[in-house]
Amino acid sequence: MTLAELVRWTGYLNGAIDVCLLIQLLRYGLVRRYCWLFGYFLADVLEILLPIRLPTRSVWYGYIYFGGQAAKAALGVALAINLWRLALLGYPALARFGRQIVIYMLLAAISVAAVGLLLEPATPRGQNPLVHSLQAIEGAVDSMVLAFLVAAVLFLLWFPVKVRRNLAVCIGGFVFYWFQRWAILLLLNRNPAHYTTLGEVSLVLQLGCLVLWMLTIRPEGEIVTTVTGHRWNPAETEHLLGQLDAINARLDRMVH
Amino acid sequence: MSVSLVTCAISIVGAGLAALGGLALFQLGEYRGARRRRPEEEGSPGVSEPPGVDQPPGVDQPMARYQPMVRLLAGEDANFLRRNTGCPKVAARWEKSRRRIGRLYLKELAADFHCLHAKARVLVATSPEQYAFLVPILFKQQFMFWRTVATIELRLALGGWNVPQANLRELVGAIEAMQREVSRAPAVTPA
């Protein structure tokens, strides 16, 4: 078996696991809650299934591949926002704050992605300029989603917020998923000669993520057994915040 | 950007993400530990608190803990030694020890702040929607505290740090009041 064939079969295996995940989400009644996740897996399956009879280097194969990648990039952004929203569901104040800052988080993530895009080199010899540009944009979107999710995870850990196990698995898995996509695309645009090898590495890593989700997303992962927190007391909280302000003010006076 | 630089960038991001994952797992472990401990201590099954919140520090004798810091950092003893001993070695040794002990107190103070801040975060996290404005306040407080402690550390590293005694007393008073508040915090409740 050649490396190209191995890539093709790993892609099919990814598609098969995607189908299993779609069935699993339907069976467990999680489609409504994780609608963007469902859409993402569906786009992945279609991207694998539609060009199954087409030759790899054909124009239509290219259209389907890049169309699928664009759809997945858009769905990825929506999915990341959806995961952020779901994580803050049981926390009204944090959820409201989360809605207020989501646009700023996205803008910051776009800035991170733009820096990466600016550092992109000229098209290497032997690579199609259009393919190079599309891959650079794809990598930028992946890095944007990655930056957004990392910021979200830091926020959730800092507070701390308890999330459902399924959601934690999704967020953790997607952080790794988008990291590997971004890293592989970055390497691919600099080493187009290693296209097949890097493609195989990426598919194997994606397969790992898909298997992890398949094994860990369960109906019991949606059940919240405990919630961290004290009974809400506005007076107490405001008093506590006042005290924290006082400690900072006094420390500040010590310095100045 | 060369391939080695790209590999380096990817490795750094990867290491950062691995550290983040490690932190998340650590937090998870802390929660599990807290969940195992709390029911035995308080008889409230299945309720957990974030690490560091359940035991307010020094609630038993709050003022006594920071009282020596007031005298130590006010610098009166150091000035007295400088004026009266006539031995620069003794004064220098005193200064060195003063800075070392000052750092220890600052560490304690930071631990208390973080403990109280963790409690405030939990309270805000479980608050109703209209209190969302408190979230940026918490961010600001954390940032201000880090900045101030860093400045004090810098001053300690560079040498003299004489702080007016009135300010120190105010600071200790504020900590004492906060600790009283923490000790009055209501019991945790499942949502």
Side-chain angles (χ1 to χ4, degrees), chain A residues 90-101 119-121 143 146 150 153-154 156-162 168 172 175-176 179-180 182-183 186-187 190-191 224-234 236-241 243-256, chain B residues 1 3 6-7 9-10 13-14 17 20-21 23-24 27 31 35 46-50 113 116-117 119-132 134-138 141 144-145 148-149 151-152 155 163 167-168 170-171 174-175 177-178 181-182 184-191:
Chain A
Y91 303 89
L94 295 187
R96 187 171 177 177
F97 178 73
R99 282 196 299 277
Q100 286 165 353
I101 62 156
L119 294 172
E120 274 295 320
S143 62
L146 177 66
V150 167
V153 169
L154 285 172
L156 297 176
L157 286 175
W158 188 67
F159 251 93
V161 168
K162 274 202 159 186
V175 167
F176 178 75
F179 165 67
Q180 65 83 23
W182 164 76
L186 205 64
L187 288 170
R190 279 151 186 86
N191 303 287
V224 179
T225 49
T226 56
V227 174
T228 307
H230 290 254
R231 188 182 291 113
W232 168 243
N233 181 345
E236 188 210 346
T237 305
E238 282 186 25
H239 188 74
L240 193 60
L241 288 171
Q243 301 286 1
L244 287 164
D245 262 340
I247 219 177
N248 271 332
R250 272 146 196 156
L251 276 172
D252 206 37
R253 252 184 278 160
M254 283 166 75
V255 176
H256 298 111
Chain B
M1 210 165 24
V3 174
V6 170
T7 317
I10 292 170
V13 176
L17 292 179
L20 187 65
L23 182 69
Q27 289 271 66
Y31 278 130
R35 200 159 54 220
V47 179
S48 65
E49 274 189 289
F113 179 87
L116 289 163
H117 201 264
K119 185 172 157 54
R121 287 200 302 268
V122 171
L123 284 165
V124 172
T126 50
S127 64
E129 200 178 340
Q130 65 266 34
Y131 292 93
L134 295 173
V135 181
I137 294 173
L138 283 174
Q141 280 176 337
M144 273 182 67
F145 186 79
T148 316
V149 167
T151 315
I152 293 171
R155 281 199 177 188
V163 185
N167 285 357
L168 284 167
E170 269 184 62
L171 174 69
I175 295 164
M178 274 196 297
E181 204 59 40
V182 172
R184 282 212 306 264
V188 287
T189 51

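If you're wondering where the values come from, they're calculated on a predicted model, not measured in any experiment. Each chain gets a letter, A, B and so on, in the order its sequence line appears, and its residues count up from 1. Every heavy atom of this structure was used, including side-chain atoms; hydrogens, water molecules and symmetry mates were not.
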Asks: To the nearest 0.5 Å, tell me how far B:L138 CG sits from A:F97 CZ.
Replies: 9.5 Å
Asks: Can you check whether B:L17 reaches A:L146 side chain to side chain, under 4.5 Å on heavy atoms?
Replies: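 Side-chain contact under 4.5 Å: yes.
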Asks: So which part of A:A183 gets closer than 4.5 Å to some heavy atom of chain B, the side chain, the backbone, both or neither?
Replies: both
Asks: Please report the closest heavy-atom contact between B:R121 and A:W158, naming both atoms and the distance.
Replies: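 Looking at all heavy atoms of both residues, the shortest contact is NE-O, 2.6 Å.
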Asks: For A:R96, give me all partners under side-chain hydrogen bond (donor to acceptor under 3.5 Å, both in side chains), at least two apart in sequence or on another chain.
Replies: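 Here no residue qualifies.
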Asks: Which atom names give the shortest non-hydrogen contact between A:A93 and B:P128, and what distance separates them?
Replies: CB-O, 3.4 Å
